[in-house]
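Step one of this worksheet: look at the structure below.
The sequence lines fix the lettering, A, B, ..., with proteins before strands; numbering per chain opens at 1. Every value quoted in this text rests on a predicted model; they were computed, and no experiment measured them. Below, all heavy atoms of this structure are taken into account, side chains as well, without hydrogens, waters or symmetry copies.
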Amino acid sequence: MSEWLPFLVFGVTTGAIYGLSAMGLVLTYKTSGVFNIAHGTVCASAAFTFYTLRQVHDVPWPIAAALVVFVYGAVAGLLLERMAMLLADVSVTYKIVGTVGLFVAIQAGITLIYGDIAKNFEPFLSQDKAFGLPGVDVTYDNLITVVGCVLAAAGLAVFFRVARLGIAMRAVVDDPQLIDITGYSPVRVRRTAWVIGSSFAAASGVLLASNQAQVDVNVLALLVVQAFGAATIARFQSLPMCLVGGVIVGVLQKLISKEIGSQPSLQGLDAATPVLILFIGLLVIPRSRLVEVGRQVRARGFSSRAGKAYSWWYVPLIGVALLIPQLDEAHLFAWNLALAQVTLFASLHLLVRTSGQISLCHIGFSALGAATVAHMLGRGVPFPLAVLIAGAVCVPPALVIAVPAIRLSSLYLALATFGFGIALAAFAYGKSWMFASQNRPVDRPQMWGLQSDSRYFYLLLGVAVLALFVVTVVERSRLGRLLRGLSDSPVALSTLGLDVNICRVLVFCISGALAGVSGAMYASVFGGASPDSFNYAQSLVVLAVLAISGSRLVPAVLVAPVLLYVVPNYIDNPDHYKLLQIGFGLAAIYAAAASTGRLGSYFAARGVAAKDRLHGPAAVRVDRLRSAHLVRTQP
Amino acid sequence: MTGSDSGLVIQDIVVKYGGHLAVNRISLAAPRGRITGLIGPNGAGKTTTFNACSGLLRPTSGEVHLFGHDVTALPPQRRAQRGLGRTFQRMELFDSLSVRENVALGREAGIAGSRPWRHLRGARSDAQTIAEAVEDALRLCGISALASRRPADLSTGQRRLVELARCVAGGFSIMLLDEPSSGLDKQETVAFGQILRSLVEAQGVGILIVEHDMSLVMSVCDYLHVLDFGQPIFQGTPAEVNASDIVRAAYLGSEAVEVGLPAEVGV
């Protein structure tokens, strides 16, 4: 037992922090209907702020902690509440796109200021022994962390049950107008929830950084995934259960890390634990228990409009494309990368824009495709066949992800895909059947001078045109009509006799296979496949860039890779590239908020809200009208 | 009434939302070749009954039979494949598709059904079947001229007709129409009633209709079921319903009946 106790103690401590983070996530989700994918980056930004105050400006830690949790948390909460308001009336898919944009912007912002490398973070709580257990000393920082998280959970639970504001928070998401006429301002209620949620996020970020003695944006951004696991155990509803869920995730992670220490084939399984919990939760929790919170808005205006597949301007466009190797030789490598990714964006367009589904793991499929093509070519399989196999290999994992999540909704599909991408990177990238932490060679075909970038450009152009043709044919086929119908009204389709889940799984598999093909071509541009080329966070960046690239298939999938690969190639200063990424993220938030074309009505509502602040909420105005009427009718 | 010719039959349906009893032991039949009305004040449980019939919610107890088969446990698509179509009170149109594509999906969705291969590719004969079904449905509903427009650009009345045409193109034997005349003006309502009658008389379909417009109900329905607070309170022909004190009390309140307010229910 004594050999397990240290892992249990560490697991409970980190688990309590996960629980604190999950409470913030679930609280804001329950009160706004917006599931903040960027929650981990909010934690990270708070930890970096604490780091700056304490280690750069020598502010005493209690003051730094208070400033970060109460001031930074409050300011972040107020800003996030504004964003949530902008996203309140858009479809679930666009809500996710909006928070993905926020993730991209904050992560790029942090790396712009602090760089990509982790910083040492001096633990600020006492690490003296509080008491001893067999085989392990429990330190004060462990004790304070756990007790603090438990008190926060208990306080929040009491607040929700007893305080009127807490009860109003539970009601506001169902009908903010009803809350309004009871005399409570729904904006105030939401704002309070976001402030509390962000303060919890800030506290969890600082505590985790202290626990790990380092502050790393890539690690802290993943706090949202640990929170997924904890929130799954809480069925995305119960706040106190989030803490329990966090502790379960933390303990399981540590115990698994102990067990797999001597087994290289299982390395990374501990990091994938929250994702496994999420998948099991999606499989076993009844559908009725995983209802989405918030107003359910149909994805009006989100579907891609079926364009004319063979518009006349495609011919001169291809003509101009053919001249790129001559016109812009200096940036030809970037153009090649962009062309290789046309297939990726086409696959994502089909999934996201046409069918209204979502995927936050398409780079994971690309990685699978890249690793597959490397292995196939290594075994002497001809290049075209290897690329096709790379696409086919992605179908089974696509099925595994889609089937449990697809019976639920876009939100849970997003969580499942995000989790899958991270689990794949943590667990599989390092294995010999994928990259094995090395650059696996992906040789280009030995013919027609394709070894040169300028010749290879034309092969990539051909593949890109073929991918566009395939997606166009799908969009104009029966499946395309069914997918657009699926995006507009799955309920209507099912009452017309269609099994919509088959339709969803089909499009997810087709899209995954195309992403696998794009990964194979992408790796062939580099001449090799390595884990560094397929960072999980890139899945979020490609979604954000697709969101801002227009709704029509051909322009969108041509503009997006140019924005992502060619434009940065013209930028010499890496800081400017970070700024560009921040721009992508913010633009994605705007694109999400404007998706229903009702951004104007939001600003009109702001005008009404401003009047409310001057004259009181609706109920007060009704009272005034009534009083005025009585005055007039009195003799 | 559960034979193969009986169309839709529901028996002792009970639906509870948590502790709230929304529908309590409702039984009714909607056979082919008849328009059956389901009426009642707001909150009577009409749409809940519809959702239980079409499979969008599972009743707490009771059974739903379609042409003699127990379909209580089947999802909506399986009921649709057995011949049960419906429209919605809050219209569920495919706004990114044209009117013609909307109506075509009425038939295509059923052809694709639960067969993955059929989602991807149609049989050779499908194209003609679908085209004929679409033209017939557009013509019957009088919206052929709107075929290339998008539903979002149409009036509420026209959108109602598109939803009906989509249901007609599906070739369903039993149709559930949920407040199909809301948003229509007087003339459009009369024309709508004629379309429903011609559907029943020419194609022999059975219709179960929820409707608040009593003029439409009384003019097109062959038989009526009346609900109040989730309970069945009366059934009979339109004339019998019109003469019923129970129904008048449900609509106007029992005091109104006692003091002898006009006998007709909202007509």
Side-chain angles (χ1 to χ4, degrees), chain A residues 91 286-288 291 296-307 353-356 395 399 402 407 470 473-510 551-553 595-597, chain B residues 50-51 53-58 75-88 90-98 100-123 126-127 130 150-152 163 166-167 169-172 175-176:
Chain A
S91 68
R287 186 178 174 175
S288 57
V291 290
Q296 302 302 306
V297 182
R298 287 171 58 184
R300 283 183 201 284
F302 188 72
S303 311
S304 62
R305 286 176 293 162
R353 289 228 180 251
T354 308
S355 77
V395 173
L399 272 172
R407 71 187 178 97
V470 168
V473 167
V474 170
E475 287 206 337
R476 295 174 72 81
S477 70
R478 170 180 291 170
L479 182 62
R481 287 188 292 277
L482 292 175
L483 292 177
R484 280 184 280 151
L486 184 69
S487 176
D488 286 335
S489 177
V491 170
L493 267 186
S494 65
T495 59
L496 291 170
L498 185 84
D499 192 328
V500 291
N501 284 344
I502 289 178
C503 210
R504 285 174 173 147
V505 171
L506 268 177
V507 69
F508 203 81
C509 290
I510 293 171
S551 62
R552 286 188 178 275
L553 172 67
S595 62
T596 51
Chain B
F50 256 39
N51 288 343
C53 290
S54 58
L56 292 179
L57 64 82
R58 182 75 67 86
Q77 65 270 19
R78 298 293 295 279
R79 299 185 195 200
Q81 289 160 14
R82 288 175 180 270
L84 181 70
R86 73 166 288 177
T87 65
F88 294 84
R90 190 180 151 214
M91 283 173 283
E92 294 281 347
L93 289 171
F94 309 124
D95 286 336
S96 58
L97 300 173
S98 69
R100 183 184 297 282
E101 287 172 320
N102 263 272
V103 177
L105 266 195
R107 178 56 68 95
E108 267 190 308
I111 290 172
S114 303
R115 293 164 296 182
W117 182 246
R118 285 278 179 245
H119 285 65
L120 297 169
R121 194 167 182 275
D126 285 355
I130 293 165
R150 289 189 184 266
E163 203 179 28
R166 188 177 68 186
C167 201
F172 300 109
M175 294 182 193
L176 311 181

Just so I understand: if I count every heavy-atom pair under 4.5 Å between each of [options] and chain A, which residue has the most?
{"options": "Pro75(B), Cys167(B), Ser54(B), Gly110(B)", "result": "Gly110(B)"}
{"options": "Pro116(B), Gly170(B), Gly113(B), Ser114(B)", "result": "Gly113(B)"}
{"options": "Arg115(B), His119(B), Arg86(B)", "result": "His119(B)"}

Subject >> Ionic contact status for Glu108(B) with Arg478(A), cut-off 4.0 Å >> reply: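 Looking at Arg478(A) and Glu108(B), the cut-off is met.
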Subject >> Contact winner vs chain B - Leu496(A), Leu479(A), Leu486(A), heavy-atom pairs under 4.5 Å >> reply: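 When all of Leu496(A), Leu479(A), Leu486(A) are compared, Leu496(A) has the most.
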Subject >> Option that, when pairs with chain B are counted at under 4.5 Å, heavy atom only, ranks first among Gly480(A), Ser494(A), Ser477(A) >> reply: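 Heavy-atom pairs under 4.5 Å are most numerous for Ser494(A).
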Original post:
Checking heavy atoms, do the side chain of Leu56(B), its backbone, both or neither come under 4.5 Å from chain A?
Top reply: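 For Leu56(B), the contact with chain A is made by the side chain alone.
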**OP:** Work out which heavy atom in Ser489(A) is nearest to a heavy atom in Phe94(B); give both atom names and the distance.
**Re:**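 Scanning both residues completely, I find the closest heavy atoms to be O-CE2, 3.5 Å.
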Subject >> Where Gly485(A) and Leu105(B) come nearest, the two heavy atoms and their spacing >> reply: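 Closest pair (atom of Gly485(A), atom of Leu105(B), distance): CA-CD1, 4.2 Å.
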**OP:** Apply side-chain contact (heavy atoms from CB on, under 4.5 Å) to Asp488(A) and Asn102(B), showing your working.
**Re:** CA-CA 11 Å; Asp488(A) 286 335; Asn102(B) 263 272; over 6 Å; no
Original post:
With no hydrogens and no angle check, is any side-chain donor or acceptor of Gln81(B) less than 3.5 Å from a backbone partner on Gly497(A)?
Top reply: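 Yes; at least one donor-acceptor contact below 3.5 Å.
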Original post:
Arg78(B): what forms a side-chain hydrogen bond (donor to acceptor under 3.5 Å, both in side chains) with it, not counting sequence neighbours?
Top reply: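 By the side-chain hydrogen bond (donor to acceptor under 3.5 Å, both in side chains) rule, Arg78(B) matches no residue at all.
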Original post:
Checking Leu506(A) against chain B: side chain, backbone, both or neither under 4.5 Å from a heavy atom?
Top reply: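 The answer is the side chain of Leu506(A).
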Original post:
Among all residues two or more places apart in sequence or in another chain, which pass the side-chain contact (heavy atoms from CB on, under 4.5 Å) test with Ala80(B)?
Top reply: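 side-chain contact (heavy atoms from CB on, under 4.5 Å) list for Ala80(B), sorted by chain: Phe172(B).
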**OP:** Measure the CZ-CD1 distance between Arg118(B) and Ile502(A) for me, rounded to the nearest 0.5 Å.
**Re:**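 It is 13.0 Å, given to the nearest 0.5 Å.
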Original post:
Going by heavy atoms in the side chains, are Gln77(B) and Val500(A) under 4.5 Å from each other?
Top reply: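 No, side chains not in contact.
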